[in-house]
Amino acid sequence: MQGYTDIHCHLFPCVDDGARSREMSMEMFRIAWENGIRRMILTPHNKPERRNISKMSLEKGLAELRQALGDLGMDMELYAGSEIYYRSDVAELLEQGDIPTMAGSSYVLVEFSPMDGFDHIRNGIYRLQAAGYQPVLAHAERYRCVSSSMEKAGELYGMGCYIQVNADSIMGANGWQVRHFARMLLKKRMAHFVATDAHDDMRRAPCLVNCVKYIGRHFGEDYMAQLFQVNPSRIIADEYIDAMV
C-alpha cells in the first residue's frame, strides 16, 4: 500500500473553522501530498444549531477538488465524512442520512466537549454502537476525563470504541501532559488511528512525516502501518477492524 491515509481533517474550504478559502485548501492539499498522504477522509464539523454542509454539497465539492488536484498532478483519493459533535439525536440523524458517515461506511467520527463527563462519553459511544455504527472517538487525548485515567481510556477501548489520536499531540504541540497520554496510548497499543486534524496551512497543517517516523522508530513499523494504512483502508472498505489491535 502506497502512502498514508488521513481520516480526520478540515480541508474542505469555507464550511467550518478549517480551510478559510479555496487557496488555503489547495495549499493544505499540497502540504498533505508532500507528507506522503494519498487518501483523505474530509471531515467538516457537524454541530447542533450550525449551518452544516449537506451531503449533496459535500459530494459536489469533493468532485471539484478531485479535478483540481488531478490537474496539479496530485492523484489523491478523497472521501466524504464528518466530525460529529455528539448529541442525543445523532443516531436518528445518521439513519435519516442527514450526516455523512466516514467514506459511506458504518464508521462515524464523533467528538465531545473537552469537559464532558466520562459517563456521557461512554453512554454516547454505546448508543451509537447500539444503533449499528462503529464510533471512532476523535482526538481522544483532549477529553480530561479520559486523559486523566488510563483505566477509563481502557474502558472505552475494551467496549470496542475505536480511538483516534492527533499527530501533533504525539509530537508535543499541545503540551507535555497531552503528549504523555497520547504516547501511552501508543505504548499500550490502544490507539487505532493517528490523523492530522488539520485546520490550516500553518499552525495546524496536515503534517504526518515526523509522526510517522517517530512511531515507526519507537513502536515498530507494523504498528505504524496499522495506524496510517491498514485500519484506515478498512474504514474505506467498510470492513471490520479488530478493536483489540
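Along the sequence shown, residues are numbered consecutively beginning with 1. Note: hydrogens, waters and symmetry copies are ignored here, and every other heavy atom, side chains too, is used.
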key: Residues that F12 engages under ring-ring contact (aromatic ring centres under 6.0 Å, His included), provided they are two or more places apart   = none
ask   = Can you name the residues that form a ring-ring contact (aromatic ring centres under 6.0 Å, His included) with H120, not counting sequence neighbours?
value = Y86, F112
Gap between atom [atom2] of [Y] and atom [atom1] of [X] - 0.5 Å precision:
| X | Y | atom1 | atom2 | answer |
| --- | --- | --- | --- | --- |
| R142 | H139 | CZ | NE2 | 4.0 Å |
| T5 | I235 | OG1 | CD1 | 9.0 Å |
| N231 | I241 | CG | CD1 | 4.5 Å |
| L78 | L65 | CG | CG | 6.5 Å |
| Y143 | M115 | OH | CE | 13.0 Å |
| I215 | Y223 | CD1 | OH | 7.5 Å |

message = Between M40 and M76, is the side-chain contact (heavy atoms from CB on, under 4.5 Å) condition met? List the steps.
response = CA-CA 8 Å; M40 305 187 86; M76 190 178 290; 3.5 Å; yes
task = Tell me, with the steps shown, if M150 and L185 meet side-chain contact (heavy atoms from CB on, under 4.5 Å).
result = CA-CA 8 Å; M150 289 302 299; L185 289 174; 4.1 Å; yes
Run the side-chain hydrogen bond (donor to acceptor under 3.5 Å, both in side chains) test against [X] and tell me which residues pass, sequence neighbours left out.
| X | answer |
| --- | --- |
| Y214 | R183 |
| D71 | Q67 |
| D119 | R122 |
| Q129 | none |

Would you check if [X] and [Y] make a side-chain contact, meaning some heavy-atom pair closer than 4.5 Å?
| X | Y | result |
| --- | --- | --- |
| E155 | F118 | yes |
| E83 | H8 | yes |
| S106 | T101 | no |
| T43 | S82 | no |
| V212 | F228 | yes |

Heavy-atom closest contact ([X] atom, [Y] atom, distance):
| X | Y | result |
| --- | --- | --- |
| C145 | I121 | SG-CD1, 3.7 Å |
| I84 | P100 | CD1-O, 4.4 Å |
| A191 | L227 | O-CD2, 3.4 Å |
| A198 | A205 | CB-C, 3.8 Å |
| G81 | L58 | O-CD2, 3.5 Å |
| F181 | A140 | CE2-O, 4.1 Å |

ask   = ring-ring contact (aromatic ring centres under 6.0 Å, His included): which pairs involve residues 40-79, sequence neighbours left out?
value =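 Found H10-H45, H45-H199.
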For the side chain of [X] and the backbone of [Y], is there at least one donor-acceptor N/O pair under 3.5 Å apart?
| X | Y | value |
| --- | --- | --- |
| E141 | N166 | yes |
| S105 | M102 | yes |
| H192 | I163 | yes |
| S233 | V230 | yes |
| S25 | S21 | no |

Which atom pairs, one a donor and one an acceptor, fall under 3.5 Å between side chains of residues 27-37 and the rest of the protein, sequence neighbours left out?
unit_1: E27; atom_1: OE1; unit_2: R30; atom_2: NE; d: 3.0
unit_1: E27; atom_1: OE2; unit_2: R30; atom_2: NE; d: 3.2
unit_1: E27; atom_1: OE2; unit_2: R30; atom_2: NH2; d: 2.5
unit_1: R30; atom_1: NH1; unit_2: E34; atom_2: OE1; d: 3.1
unit_1: R30; atom_1: NH1; unit_2: E34; atom_2: OE2; d: 2.7
unit_1: N35; atom_1: OD1; unit_2: L208; atom_2: N; d: 2.9
unit_1: N35; atom_1: OD1; unit_2: V209; atom_2: N; d: 3.0
unit_1: N35; atom_1: ND2; unit_2: I31; atom_2: O; d: 2.9

Evaluation steps, side-chain contact (heavy atoms from CB on, under 4.5 Å), between I125 and M159 = CA-CA 9 Å; I125 295 296; M159 66 185 283; 3.9 Å; yes
message = Can you confirm whether or not the ring centre of Y107 sits under 6.0 Å from the ring centre of Y133?
response =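 Y107 vs Y133: aromatic centres not under 6.0 Å.
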query = If you look only at pairs with a residue in residues 202-218, which of them pass as a salt bridge (charged side-chain N to carboxylate O under 4.0 Å, His left out), with sequence neighbours excluded?
reply = D197-R204
key: With sequence neighbours excluded, residues passing side chain to side chain contact (heavy atoms under 4.5 Å, CB included) with L72   =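 Residues passing side chain to side chain contact (heavy atoms under 4.5 Å, CB included) with L72: M26, M74.
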Could you pull out every donor-acceptor pair under 3.5 Å between side chains of residues 171-180 and any protein atom, sequence neighbours left out?
unit_1: N174; atom_1: ND2; unit_2: D168; atom_2: OD1; d: 3.3
unit_1: N174; atom_1: ND2; unit_2: S169; atom_2: OG; d: 2.9

task = Dump the intermediate steps for side-chain contact (heavy atoms from CB on, under 4.5 Å) on Y85 and R87, then the final yes or no.
result = CA-CA 7 Å; Y85 191 90; R87 57 269 200 195; 4.2 Å; yes
ask   = Around Q96, counting heavy atoms of other residues, nucleotides and ligands shown, do more than 12 lie under 6.0 Å from its CD?
value =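 Counting neighbours around CD of Q96, more than 12 heavy atoms of other residues, nucleotides or ligands fall under 6.0 Å, so yes.
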CZ/R66: more than 12 non-hydrogen atoms of other groups inside 6.0 Å =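 Yes.
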ask   = Has R39 got its NZ or CZ under 6.0 Å from the middle of the six-membered ring of Y4, at an angle within 45 degrees of the ring axis?
value = no
key: Test salt bridge (charged side-chain N to carboxylate O under 4.0 Å, His left out) applied to D6 - qualifying residues, sequence neighbours left out   = none
